[in-house]
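Heads up: the structure comes next, in structure tokens.
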2 protein chains.
Amino acid sequence: MNKFVSRLAASTLLLIFVAFLAGCAVSNRTVQDTPKKRWGTAALMVVVERESGSVLVFDSTKHEFLGRITGLGNLKHATMVFSRDGSYAYVFQRDGWMSKLDLLSLELVKRVKAGDDSIGGAITQDGKYIAVGNYKPGGITIVDAETMEIVKVIPAIRDLGDGKTMESRVVGVADAPDNLLLFALMDADGIWIVDAGKPDFPVIKKHWDIGAEGDTGAMPYDAFLGSDGRYYVVGLLNANYMAMIDTWNLEAGVQKILTEQGAEPGKVPLWKVPHLEGWTVMGGLAVVPALKENRVIVYDAKSWELVKYIDTLGTALFNVGSPDGKKVWVDIVGPGGDSIQVIDIKTLSVVKTIKVGEGAIHPQFTPKGEAVYVSVMDEGKVVVYNSATYEKIKEFPAQRPSGIFCTSRAHQFGL
Amino acid sequence: MNKFVSRLAASTLLLIFVAFLAGCAVSNRTVQDTPKKRWGTAALMVVVERESGSVLVFDSTKHEFLGRITGLGNLKHATMVFSRDGSYAYVFQRDGWMSKLDLLSLELVKRVKAGDDSIGGAITQDGKYIAVGNYKPGGITIVDAETMEIVKVIPAIRDLGDGKTMESRVVGVADAPDNLLLFALMDADGIWIVDAGKPDFPVIKKHWDIGAEGDTGAMPYDAFLGSDGRYYVVGLLNANYMAMIDTWNLEAGVQKILTEQGAEPGKVPLWKVPHLEGWTVMGGLAVVPALKENRVIVYDAKSWELVKYIDTLGTALFNVGSPDGKKVWVDIVGPGGDSIQVIDIKTLSVVKTIKVGEGAIHPQFTPKGEAVYVSVMDEGKVVVYNSATYEKIKEFPAQRPSGIFCTSRAHQFGL
């Protein structure tokens with residue numbers, strides 16, 4: 001029996017060892033059989049699904065769906081900026097929440113309540129901070145991009161004298177060279193400049209009465225930084241011109257551009273569209289959607305003289321320039337809203353009308369422009385076009401998709 | 001004994017099961033304890049270590065060393081291009097080898113012998129192909145970017161009539177909008193254009209005698225595509241001008257620019273430097289290093305009229321424009337080679353001289369320009385500067401570092 005027991009013990013030990021190895025192997029196989037999918041982050045497309053509070057992430061080099069990130073809350077009019085390495089998206093929501101998304105693991109990292117009523121924001125040139133523009137409480141909230149902690153709140157308050165002050169809604173937050181942040185004060189008729197590279201984020205300049213005529217404030221309603229990163233242009237509801245700051249020459253102050261352009265007495269000019277993001281400035285031209293008119297206006301971006309009117313199928317919303325500067329893709333709202341029109345910059349004429357589908361909006365080019373992603377909101381899909389042949393390359397199901405943002409925006413000022 | 005055996009068997013089974021679980025656990029712990037480091041790929045800096053046949057990879061958002069990729073062979077005068085998602089680098093070597101590097105796993109993926117004597121290359125707009133320019137055999141080799149298989153060889157051969165032909169070295173391969181590839185034929189005095197979007201890569205245009213004077217060929221020696229992606233400029237050894245093709249208007253053919261500019265009779269003009277990559281074209285200006293002269297020349301990039309000479313500490317090699325278009329960083333070779341000089345574009349004057357170290361070359365900006373990486377070849381290090389304050393942020397050891405390439409180049413034509 002001793003022999004039997006010792007043989008049994010030996011076999012048992014062997015079996016235990018084999019079982020241990022098997023455990024290791026099974027576990028390793030699990031790891032090896034499901035290798036974590038990896039991707040480069042320089043050319044990801046992030047699509048906002050408005051009602052469902054989620055975003056879709058696509059690899060735009062292979063036109064491949066990578067996944068959906070959910071739980072972001074209300075994404076109506078949501079916009080986003082990206083960390084410079086393309087690995088994080090910062091999503092601005094109208095309800096004041098700002099979400100940090102990990103585009104490598106496709107997870108919601110953290111959310112922060114940056115205000116009660118917010119209207120977009122910017123990431124500083126050095127990538128360290130996110131500035132959120134708030135309607136309520138009026139001002140900007142600066143958040144650490146790494147930790148998502150609020151590091152500074154700058155209230156937008158104008159001193160009216162006699163101890164009276166006025167709190168103002170903030171619009172058009174943009175990042176500019178030299179680590180500057182610019183924004184406009186809607187109610188208080190101002191433009192402020194913050195140096196985000198200095199400790200405690202000083203407001204280095206407060207421009208007031210940028211468009212005041214009589215008792216009426218100019219009412220800045222939006223702003224944008226041209227794609228050259230130099231000129232900050234502010235739209236004004238109560239003025240027949242726009243305000244511009246040359247960020248290379250801050251001493252020059254606020255200049256008036258597009259004076260009276262296209263305006264009739266007592267009527268606001270055509271170019272007063274809600275989204276100034278819809279402007280494209282490239283190759284010395286500004287291509288501007290005209291509100292309530294079935295045309296696009298082309299200005300010389302230096303003199304701001306009118307160059308040409310280009311008739312479109314309907315009311316243009318977003319004019320999006322191609323990376324090679326040769327074309328502008330224009331989406332249409334209202335009648336004709338199922339189409340995208342393509343304007344050739346050399347001839348300044350419509351060269352193609354593409355029937356994309358109902359609610360076709362937000363064309364977004366891949367970084368080198370060989371393809372374009374378009375949301376087809378009312379048909380629940382995202383479609384991808386070959387920008388040279390206008391052929392459809394692919395389409396993906398999506399839940400009422402709207403804004404599309406490519407991570408290549410990480411490297412552009414004002415986006 | 002039956003009871004004893006059955007109890008023993010039960011214990012054994014239990015032990016085996018526990019051992020199996022332990023195996024699983026140990027294996028899992030191994031995986032969890034060493035999580036694979038991950039990074040975004042949109043802002044990586046890749047530094048060539050010439051003699052050791054390796055590259056260093058840095059995360060330029062955190063200024064962090066990620067790792068070294070070795071075994072690349074001779075990297076003298078090596079250059080590289082990137083896949084649009086920033087996850088792969090394609091390194092061109094003078095000995096005809098082209099290597100594909102994985103910037104996520106930091107591994108050499110594959111090498112292909114594209115020629116016997118090569119001189120750089122380009123990645124097509126659609127990201128599908130890599131074109132390698134060869135001195136020997138004269139021509140270009142087109143390689144599938146995914147598989148690294150050679151898909152087409154286009155010999156650069158000129159028909160001289162009477163059954164005679166001439167094989168030519170190729171220089172200045174560049175990718176342009178509309179999926180075009182352009183390159184110059186050094187010995188055969190030509191510029192060819194390939195449509196890389198069409199099956200079998202047809203040569204759609206062969207320009208000949210672009211600078212022939214009498215019996216002498218113009219001898220194109222290098223070329224570049226301006227940062228706007230539009231103008232292809234070719235340097236000619238035997239002509240007192242340069243050749244230019246407007247890629248938006250191929251019908252216009254080859255134009256002559258910089259005619260006689262800065263040239264004395266019988267002497268080649270100043271701007272004949274070996275690397276035309278050393279040119280910066282931005283904001284309507286071309287900032288050009290002047291060979292053998294201690295100055296930089298500024299031309300109007302439209303009329304090609306001389307704007308200004310700017311004296312430098314020595315002979316400039318690479319003029320590198322900042323992403324915001326406000327500054328140009330210039331490295332110096334020969335006397336003064338320990339310094340980098342900074343030119344302000346607004347005033348067209350040197351605003352700063354930085355003593356970086358012996359053999360300071362190849363300044364490269366981070367994608368939004370807040371920092372600059374510089375190789376200090378003779379002191380074995382890579383240093384990082386704050387571009388606003390000119391303070392040194394960090395330095396890293398490196399083995400005779402030379403060229404520095406940021407993955408943000410993936411989105412620019414001609415780079």
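These numbers come from the heavy atoms of this one structure, side chains and all, not from hydrogens, waters or symmetry mates. In the text below, chain A, chain B and the rest are named by the order of the sequence lines, each starting its count at 1.
In this structure, no portion of B:S322 lies under 4.5 Å from any heavy atom of chain A. Neither the backbone nor the side chain of B:L103 comes within contact range of chain A; no heavy atoms are under 4.5 Å apart. In this structure, no portion of B:T407 lies under 4.5 Å from any heavy atom of chain A. With a 4.5 angstrom heavy-atom cutoff, B:S105 touches chain A via backbone and side-chain atoms both. Only the side chain of A:D175 comes within less than 4.5 Å of a heavy atom in chain B; its backbone stays farther off. Residue B:A388: no heavy atom, backbone or side chain, is found under 4.5 Å from chain A.
Cation-pi geometry between A:K100 and A:Y88 is met: under 6.0 angstrom from the ring centre, within 45 degrees of the axis.
Panel note: side chain B:W329, backbone B:I343; no donor-acceptor pair is recorded below 3.5 Å. Remark: the backbone N or O of A:N179 is paired with a side-chain donor or acceptor of A:Q125 at under 3.5 angstrom.
Between A:Y129 and A:F201, the ring planes are perpendicular. Angles over 60° get that label, and only those under 30° would be called parallel.
Comparing A:S408, A:A371, A:G40 by how many heavy-atom pairs each has under 4.5 Å with chain B, the most go to A:G40. Comparing A:A176, A:S60, A:A43 by heavy-atom pairs within less than 4.5 Å of chain B, the highest count is held by A:A43. When each of B:P367, B:G86, B:G284 is checked for heavy-atom pairs under 4.5 Å with chain A, B:P367 comes out on top.
Residues that satisfy the side-chain hydrogen bond (donor to acceptor under 3.5 Å, both in side chains) test with B:S387, not counting sequence neighbours, are absent from this structure. With sequence neighbours excluded, the residues satisfying side-chain hydrogen bond (donor to acceptor under 3.5 Å, both in side chains) with B:T347 are B:D344, B:S349.
The pair A:K368-A:D324 does not count as a salt bridge, with every side-chain nitrogen at least 4.0 angstrom from each carboxylate oxygen.
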